[in-house]
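Every chain is numbered from 1, with letters handed out A, B, ... down the list of sequences. Here the structure is a predicted model, which is why all the values come from computation and not from measurement.
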Amino acid sequence: MSDQVTLTLPDGSELEVQRGATALEATERIGPGLARAAVAAKVNGELFDLSRPISEDAEFEVLTFDSEEGKHVYWHSASHVMADAVKQLYPEARPTIGPAIDDGFYYDFDVPEPFTEDDLRQIEQKMQEIIEAEEPFSCERISKSEAEELFEEQQNRYKLELIDEVEDDVVSIYEHGDFVDLCRGPHVPDTGRIKHVKLLSVAGAYWRGSEANRMLSRIYGTAYPRKQQLEDHLERIEEARRRDHRRIGRELDLFSFHEEAGAGLVYYHPRGAMLRHLITEFATNEHIRRGYQIVRTPHLVKSNMWETSGHAQQAYPMYYTDIEGQSYGIKPMNCPGHVLVYKSHTRSYRDLPIRYFELGTVYRHEKSGVLHGLLRVRGFTQDDAHIFCRMDQLTEEITGVIEFADDMLRAFGFDEYEVFLSTRPEKSIGADDVWEQATEALRGALKANDLTWEIDEGGGAFYGPKIDIKMKDALGRLWQGPTIQCDFNLPERFDMTYVGADGEEHRPAMVHRVVLAGIERFMGVFIEQCAGEFPMWIAPVQVKILPINDRNFEYAETVAHRLRCEDMRVEVDTESGTLGNKIRQAELEKLPYILVVGDNEEEAGEVAVRKRGEGDLGPTKLEAFIESVRPETAPDSRYCALPGDTS
RNA sequence: GCCCACGUAGCUCAGGGGUAGAGCGUGUCCUUGGUAAGGACAAGGUCACGGGUUCAAAUCCCGUCGUGGGCUCCA
């Protein structure tokens with residue numbers, strides 16, 4: 001056997017190294033700079049510590065912080081350093097799990113007293129000491145029984161539980177300084193590789209995410225090799241704070257919540273209500289153009305209906321009330337109402353598909369802890385529709401909805417979203433083969449639309465599988481947006497039928513779908529998406545007119561009237577004060593256009609245009625201004641065109 | 001719902017066992033202004049709500065409501 005092994009690098013070139021050389025030694029052969037930046041290596045696809053020897057020919061890849069995997073190794077190592085610091089400061093703390101996440105890491109501890117934000121600085125400081133000591137990480141593979149002994153000594157039942165679940169007879173442990181942790185690895189060579197650390201927040205988290213388990217204390221943090229990267233990260237957090245829809249909602253006077261009126265219930269102010277009106281008006285029109293029919297159903301429904309639908313049995317979080325001894329429930333969904341409309345006639349196969357649309361306001365008893373601005377509320381309105389169709393129409397109908405959802409999201413400037421196919425959850429109703437059939441129909445439509453998706457195992461609704469499209473908020477958190485749900489259960493439960501060409505009764509398929517989904521949530525994400533700078537076509541106030549002098553008030557009103565005749569949304573500022581201050585206030589409102597009118601403009605029939613983001617554009621004839629902005633006042637026609645629409 | 005933190009003027013926040021402060025905003029007056037803050041004066045607070053400790057509570061303790069970050073769940 002040769003004492004050399006051949007490593008194949010990602011660029012295809014080959015490197016001969018001594019058999020048994022470590023990954024770090026191999027990396028040094030490639031370049032000393034790379035060796036300094038390396039955090040771990042990948043050997044034949046397996047993650048390697050840099051200190052681990054290479055014993056055979058292999059594909060060899062060096063991981064640095066610049067790769068996803070490298071970041072994870074780096075952050076995971078940082079979480080070990082944090083756990084070490086915590087144990088030094090709080091010997092009674094029991095580390096549980098501490099993974100890397102998308103932009104940093106966390107570690108959950110079982111501690112007698114939960115951590116507070118004030119503890120973080122001290123832990124950070126201790127981490128700095130550990131980092132400065134440049135303690136090497138070492139890996140050891142030991143038998144499960146040895147590991148059990150080790151963690152029994154440490155009285156850490158969490159680690160024991162984890163060891164118990166490992167299928168191998170051997171587990172790996174990582175050690176740096178006096179800190180030992182059960183860990184799959186790999187890790188950076190030494191603690192000195194972790195350069196700039198910031199602990200960000202503390203939070204409660206259940207052991208293994210289950211309410212039944214003990215609440216642990218979680219610390220979130222992040223770390224970067226270069227100071228600038230950490231500063232950029234903190235700047236992103238700051239930017240997210242600036243874009244937060246709750247903050248913008250207050251600053252732009254869009255909506256409010258009221259302690260005395262109840263949590264999770266939105267009060268729209270004039271501008272917020274206008275924005276909502278514009279969004280729903282647009283959505284309604286787009287539905288009509290796509291062959292949907294508007295229906296409208298009551299908010300209050302006898303509880304029996306929720307038993308028939310299955311909501312009651314699922315302990316769906318509803319509100320109930322009693323009317324003359326009869327129990328009623330406030331609707332948490334619009335579907336049963338649409339079913340009743342369907343059932344009001346005998347339906348023929350020629351009638352299908354039937355697409356019922358409703359801006360349906362629903363109420364759900366969300367747990368208080370999950371409420372979050374407009375993104376998670378208790379009362380909200382959906383652009384809800386139910387499609388009743390024949391089985392042979394199902395895939396085409398779903399395909400149409402996916403196209404519709406894509407068009408609508410793009411019209412509002414959402415170019416990126418994530419698609420999930422959610423399968424049967426534990427708490428669910430219906431036969432297995434029906435679930436399978438429905439899941440296949442959804443999968444087929446995703447393929448037809450050439451989309452890539454992830455499987456969300458067990459994420460379906462209780463009555464059927466679904467396609468979920470999730471949108472990101474300013475903090476990168478995903479929120480349920482458009483969703484398309486197949487349902488063969490409600491038609492069964494409500495005994496829905498249509499008469500087929502054969503003269504026999506058949507069961508229609510049913511598709512639940514929302515496009516904007518919760519209008520409140522959609523507004524919230526949209527506000528964050530555009531940072532409160534609404535595009536001209538949807539801006540609640542499009543133009544603000546600032547008269548320079550009291551003398552110009554009348555002219556300002558004339559201009560406003562002319563713009564209103566063009567269906568533009570206009571305000572006139574009649575406050576006193578300097579022009580500079582009026583402009584500042586108007587700029588803070590993030591309006592698309594500000595028109596300044598003084599004596600010069602009045603005499604010439606002009607307006608001095610100030611455009612958001614561009615500043616002063618100088619005076620122009622009023623009619624010329626109207627012509628120039630007209631194209632902006634309509635939604636982007638690229639996304640509103642129907643198939644075959646050439647206008 | 002659970003864990004932690006927070007709740008002081010419309011907003012952002014300081015203060016803190018001896019009965020309240022700033023800036024911005026608001027009102028009035030002066031100023032009539034040319035592209036991101038003109039000036040003066042004034043109003044505005046049961047310090048979230050309820051209980052307790054104390055001679056004395058906005059401040060300490062408990063509970064409730066609300067908010068925030070998470071967990072869990074969902075549009």
Side-chain angles (χ1 to χ4, degrees), chain A residues 106 108 111 113-119 200-220 244 246-247 250-251 253 256-264 316-317 332-333 360 362 364-378 380-384 422 425 427 459 461 466 468-471 475 477 479-483 485 512-522 524-525 546-552 575-588 594-601 608-610 615-619:
Chain A
Y106 68 79
D108 287 346
V111 273
E113 287 292 316
F115 297 113
T116 67
E117 304 269 341
D118 297 336
D119 299 329
L200 298 166
S201 59
V202 294
Y206 298 108
W207 167 240
R208 318 214 104 175
S210 167
E211 282 184 85
N213 292 335
R214 184 170 163 79
M215 176 71 72
L216 306 171
S217 188
R218 173 175 296 181
I219 301 177
Y220 283 94
D244 191 315
R246 294 163 299 185
R247 176 193 177 96
R250 202 167 37 236
E251 286 171 353
D253 198 16
S256 58
F257 293 90
H258 298 273
E259 187 174 340
E260 59 270 46
Y316 202 86
M333 287 185 176
V362 297
R364 297 184 187 170
H365 188 174
E366 301 294 350
K367 292 173 181 175
S368 59
V370 305
L371 300 176
H372 181 91
L374 291 180
L375 301 185
R376 192 65 179 275
V377 292
R378 283 185 171 148
F380 57 102
T381 300
Q382 298 172 308
D383 63 334
D384 201 5
S422 304
K427 264 175 41 174
K466 57 181 183 169
D468 288 327
I469 296 179
K470 299 192 182 182
M471 302 182 293
L475 289 167
R477 292 178 294 206
W479 294 91
Q480 178 80 271
T483 172
Q485 315 183 341
H512 308 244
R513 39 106 294 167
V514 288
V515 172
L516 303 180
I519 304 301
E520 285 71 12
R521 172 177 294 175
F522 185 82
V525 178
L546 308 186
I548 289 176
N549 190 290
D550 292 4
R551 286 191 302 278
N552 310 119
E575 300 290 308
S576 75
T578 58
L579 179 64
N581 192 35
K582 283 194 248 193
I583 286 173
R584 177 181 156 75
Q585 295 308 327
E587 283 285 344
L588 292 173
I594 295 167
L595 299 182
V596 175
V597 293
D599 293 340
N600 302 340
E601 287 75 18
V609 181
R610 192 181 166 90
D616 187 6
L617 300 182

For a quick check, with a 4.0 angstrom heavy-atom cut-off, what is the B/S/- contact string for nucleotides 26-37 of chain B, read 5' to 3'? ------BBBBBB
To the nearest Å, how far apart are A:F257 CZ and B:rC65 P? 18 Å
Please list, chain by chain and in numerical order, all residues satisfying side chain to side chain donor-acceptor pair (under 3.5 Å) with A:R214, sequence neighbours excluded. A:D110
Any N or O donor-acceptor pair under 3.5 Å from the base of B:rC11 to the side chain of A:R247? no
Set of residues satisfying side chain to side chain donor-acceptor pair (under 3.5 Å) with respect to A:H365, sequence neighbours excluded: none
Which residues pass the side-chain contact (heavy atoms from CB on, under 4.5 Å) test with A:M333, sequence neighbours left out? A:H311, A:Y316, A:C335, A:R364, A:Y463
Apply side-chain contact (heavy atoms from CB on, under 4.5 Å) to A:D253 and list each qualifying residue two or more places apart in sequence or on a separate chain. A:H269
Got a sec, which residues hit salt bridge (charged side-chain N to carboxylate O under 4.0 Å, His left out) with A:E601, two or more places apart in sequence or on another chain? none
For nucleotides 2-7 of chain B, read 5' to 3', which letter fits each nucleotide if B means a protein heavy atom sits under 4.0 Å from the base, S means only the sugar-phosphate is that close, and - means neither? BBS--B
Roughly how many Å apart are B:rC60 and B:rG21, using the C1' atom of each and rounding to a whole number? 22 Å
Pairing annotation in dot-bracket form, given for RNA chain B with Watson-Crick or G-U pairs under 3.5 Å and | for cross-strand partners: (((((((..((((....[..)))).(((((.......))))).....(((((..]....))))))))))))....
With sequence neighbours left out, what residues match A:A203 under side-chain contact (heavy atoms from CB on, under 4.5 Å)? A:Y220
Please name all residues satisfying side chain to side chain donor-acceptor pair (under 3.5 Å) with A:R584, sequence neighbours left out, ordered by chain then number. none
What does the list of N/O pairs under 3.5 Å between the protein and nucleotides 39-47 of chain B look like, with a distance for each?
none

side-chain contact (heavy atoms from CB on, under 4.5 Å) filter on A:E587, not counting sequence neighbours, yields A:I583, A:I594, A:R610
